[in-house]
Number of protein chains: 2
Amino acid sequence: MPARAKEPLSRARVLAAALEVADAEGVPAVTMRRVAEVLDCEAMSLYHYVDKKALLAGLTEAVVGEIAVAALDAPPLPPSPAADPAADPAGWRDVVRRRCLAARGVMLRHPWAPPLVATQPQPPPTVYPLFEALVATMVEAGCGYELAHRAIHSLGSMLLGFTQELFEPTADDEGVASPQAEAMALAMPHLARLAEVAVHEAEGTIGLCDTQAEFEFTLGLVLDGLEAHRRAAAAASAAGSASAV
Amino acid sequence: MPARAKEPLSRARVLAAALEVADAEGVPAVTMRRVAEVLDCEAMSLYHYVDKKALLAGLTEAVVGEIAVAALDAPPLPPSPAADPAADPAGWRDVVRRRCLAARGVMLRHPWAPPLVATQPQPPPTVYPLFEALVATMVEAGCGYELAHRAIHSLGSMLLGFTQELFEPTADDEGVASPQAEAMALAMPHLARLAEVAVHEAEGTIGLCDTQAEFEFTLGLVLDGLEAHRRAAAAASAAGSASAV
DNA sequence: GACCTGAGTCTTACGTTGTAAGACCAAACT
DNA sequence: AGTTTGGTCTTACAACGTAAGACTCAGGTC
């Protein structure tokens with residue numbers, strides 16, 4: 001599908017082409033020549049806009065930007081008439097949760113993204129609007145800046161880490177158990193039992209692990225933990241001001 | 001430091017050389033020729049043991065194996081005389097916590113590892129002993145297999161994700177604020193405020209974010225959440241068996 | 001002894017990658 | 001007209017992964 005109508009090159013067009021290649025053929029296929037081919041020009045022409053490093057950095061910028069807009073579009077807070085800060089102490093969790101799920105949705109559409117992001121020396125500036133929104137939500141809900149800061153770290157790392165199927169025993173279970181598999185099961189009784197249980201439970205889902213469910217579970221853990229911290233801090237500060245009165 | 005006394009090649013020696021190169025010069029430097037140079041032989045000689053893909057897979061296997069032994073060595077459970085299952089309901093958290101911290105320690109010694117692991121199609125078999133130990137600890141403490149399963153996912157993803165400084169504003173703060181930085185601060189008041197607070201707090205630590213502290217905080221969040229689930233499940237099953245009596 | 005065999009290593013060679021150097025070209029100024 | 005200049009293309013090169021096959025040499029067989 002190359003050969004557009006020869007509109008002029010630009011950094012944006014180069015990055016778009018790179019994204020196209022990455023989505024269709026994976027990051028290793030993103031070479032200067034391949035991208036040039038998509039743009040119907042020569043590889044060396046791209047160097048006026050990016051070299052290889054900048055190309056990958058731009059690609060990162062693009063996905064992260066996509067994540068940011070998806071997360072920001074997700075939930076502009078339900079009606080909330082004349083919202084009083086600290087009036088809706090629990091609602092912030094739903095807002096943050098939905099933003100995280102939206103972000104994860106984008107990651108799933110670009111499964112090559114997490115390792116790419118992880119190799120970049122700097123996070124792209126396109127995350128900042130999302131950070132700002134998350135911090136705003138949390139601070140307005142009565143979490144302090146420290147807690148918001150930690151939340152960013154926790155949630156960001158979750159998002160980066162929750163790509164791979166750390167488990168997934170190659171989907172060749174319940175068939176003829178190979179001798180080595182049997183030996184392993186003997187050596188690791190708990191894992192073997194776990195696999196059985198998981199298989200029993202997984203009736204409906206594809207594969208052994210429902211990664212989406214795992215993600216949502218961990219997300220819930222983290223959000224509940226943050227909320228507990230918020231409440232504790234709020235109680236402490238209330239007690240403090242009460243004793244001051 | 002090449003030119004060993006010409007002991008014969010072997011898969012193990014090739015992998016050790018690759019690890020050496022990766023630690024000293026990063027993953028991109030791990031080329032067939034570079035590894036061969038360390039082993040004082042020709043690149044093509046390596047192909048009897050690994051090709052490039054297998055080399056990187058073996059490297060992954062090596063780090064993950066290192067993680068597993070470090071985590072397993074960490075805490076063989078404090079004395080615990082004649083331990084009664086479900087007698088020490090909270091102690092499991094410390095065991096798991098120390099294992100996770102040990103695992104992270106290894107990751108920090110090989111900062112190139114997370115993106116490598118994330119690009120591997122399968123997790124290396126060297127994780128399984130660690131998984132087994134973690135599941136054993138949790139199950140014996142009264143967590144069910146489902147909860148142990150989720151814990152593996154949560155903790156594994158944390159470990160993978162918590163590498164990068166998602167934040168770290170290039171360490172050029174408090175100097176002459178560039179006009180663009182000022183514009184950004186205006187557009188993102190909460191982030192600007194957060195940065196101020198973080199700087200104030202970070203007196204002692206290096207950089208803006210104390211990633212180790214963030215990791216430990218999130219780890220605590222997750223472990224506490226898991227413990228809450230364990231307790232809830234234990235209470236429910238106790239009530240169930242009580243009503244059955 | 002001579003001979004073969006096969007695992008392990010090395011030589012050579014090819015296609016692909018990123019990119020330096022500079023040629024080329026059209027549009028914009030002087 | 002001539003000159004400048006920003007953008008594109010040609011050519012070329014070093015480094016990469018690896019296919020093909022030649023070499024080396026310890027071990028077994030006659």
Side-chain angles (χ1 to χ4, degrees), chain A residues 2-62 112 115-122, chain B residues 1-62 112 115-117 119-122:
Chain A
R4 278 113 161 127
K6 273 293 187 186
E7 36 183 336
L9 287 180
S10 69
R11 198 184 113 95
R13 247 163 65 72
V14 171
L15 259 38
L19 190 68
E20 196 179 312
V21 173
D23 279 333
E25 306 164 42
V27 169
V30 178
T31 71
M32 298 302 272
R33 291 179 227 259
R34 182 77 191 84
V35 171
E37 190 185 325
V38 171
L39 293 169
D40 195 28
C41 71
E42 299 302 312
M44 289 311 287
S45 306
L46 306 182
Y47 280 85
H48 232 261
Y49 307 98
V50 284
D51 62 1
K52 184 72 192 298
K53 239 178 59 188
L55 187 70
L56 292 183
L59 205 51
T60 310
E61 203 182 299
W112 44 266
L116 210 211
V117 174
T119 44
Q120 292 308 113
Q122 295 286 331
Chain B
M1 233 73 64
R4 277 112 159 128
K6 272 293 186 187
E7 35 183 334
L9 287 181
S10 69
R11 198 185 112 95
R13 249 163 64 72
V14 172
L15 259 38
L19 189 68
E20 197 179 313
V21 173
D23 279 335
E25 307 165 39
V27 170
V30 178
T31 72
M32 298 302 272
R33 292 181 226 256
R34 182 78 190 82
V35 171
E37 190 184 327
V38 170
L39 293 169
D40 195 26
C41 72
E42 298 303 311
M44 290 310 287
S45 306
L46 306 182
Y47 280 85
H48 233 261
Y49 308 97
V50 286
D51 63 1
K52 184 70 192 298
K53 240 177 60 188
L55 187 70
L56 292 183
L59 205 51
T60 310
E61 203 182 297
W112 44 266
L116 210 213
V117 174
T119 44
Q120 292 307 113
Q122 296 285 332

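All values derive from a computational prediction rather than experimental measurement. The analysis underlying the following values was restricted to heavy atoms, covering all of them including side chains, and did not include hydrogens, waters or symmetry mates. Numbers restart at 1 for each chain; the letters A, B, ... are given by sequence-line order, proteins then strands.
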Whole angstroms only, please: what is the [atom1]-[atom2] distance between [X] and [N]?
X: A:Lys52; N: C:dG18; atom1: NZ; atom2: P; value: 5 Å
X: A:Glu42; N: C:dA23; atom1: CD; atom2: C1'; value: 14 Å
X: A:His48; N: D:dT5; atom1: NE2; atom2: C1'; value: 10 Å
X: A:Leu39; N: D:dC9; atom1: CG; atom2: P; value: 11 Å
X: A:Lys53; N: C:dT19; atom1: NZ; atom2: P; value: 9 Å
X: B:Asp40; N: C:dT9; atom1: CG; atom2: P; value: 12 Å
X: B:Met44; N: D:dA19; atom1: CE; atom2: P; value: 7 Å
X: A:Tyr47; N: C:dA23; atom1: OH; atom2: C1'; value: 18 Å

query: Just to confirm, is there a sub-4.0 Å distance from OP1 or OP2 of D:dC9 to any side-chain nitrogen or oxygen of A:Ser45?
result: yes

query: Can you check whether B:Tyr49 has a side-chain N or O nearer than 4.0 Å to OP1 or OP2 of C:dT9?
result: yes

query: Any sub-3.5 Å donor-acceptor pair from A:Arg11's side-chain atoms to A:Val50's backbone N or O?
result: no

Please table the atom pairs, donor to acceptor, closer than 3.5 Å between any side-chain atom in residues 29-36 of chain A and protein atoms at least two apart or in another chain.
| unit_1 | atom_1 | unit_2 | atom_2 | d |
| --- | --- | --- | --- | --- |
| A:Thr31 | OG1 | A:Arg34 | N | 3.0 |
| A:Arg34 | NE | A:Glu25 | OE1 | 3.2 |
| A:Arg34 | NE | A:Glu25 | OE2 | 3.2 |
| A:Arg34 | NH2 | A:Glu25 | OE2 | 2.7 |

statement: Heavy-atom nearest nucleotide on DNA chain D taken for A:Ser10 and for B:Thr31; more 5' hit belongs to A:Ser10

- prompt: In Å, rounded to the nearest 0.5 Å, how long is the span from CH2 of A:Trp112 to CG of A:Asp23?
  reply: 5.5 Å

- prompt: Rounded to the nearest 0.5 Å, what separation is found between the CG atom of A:Leu55 and the CG atom of A:Leu15?
  reply: 6.5 Å

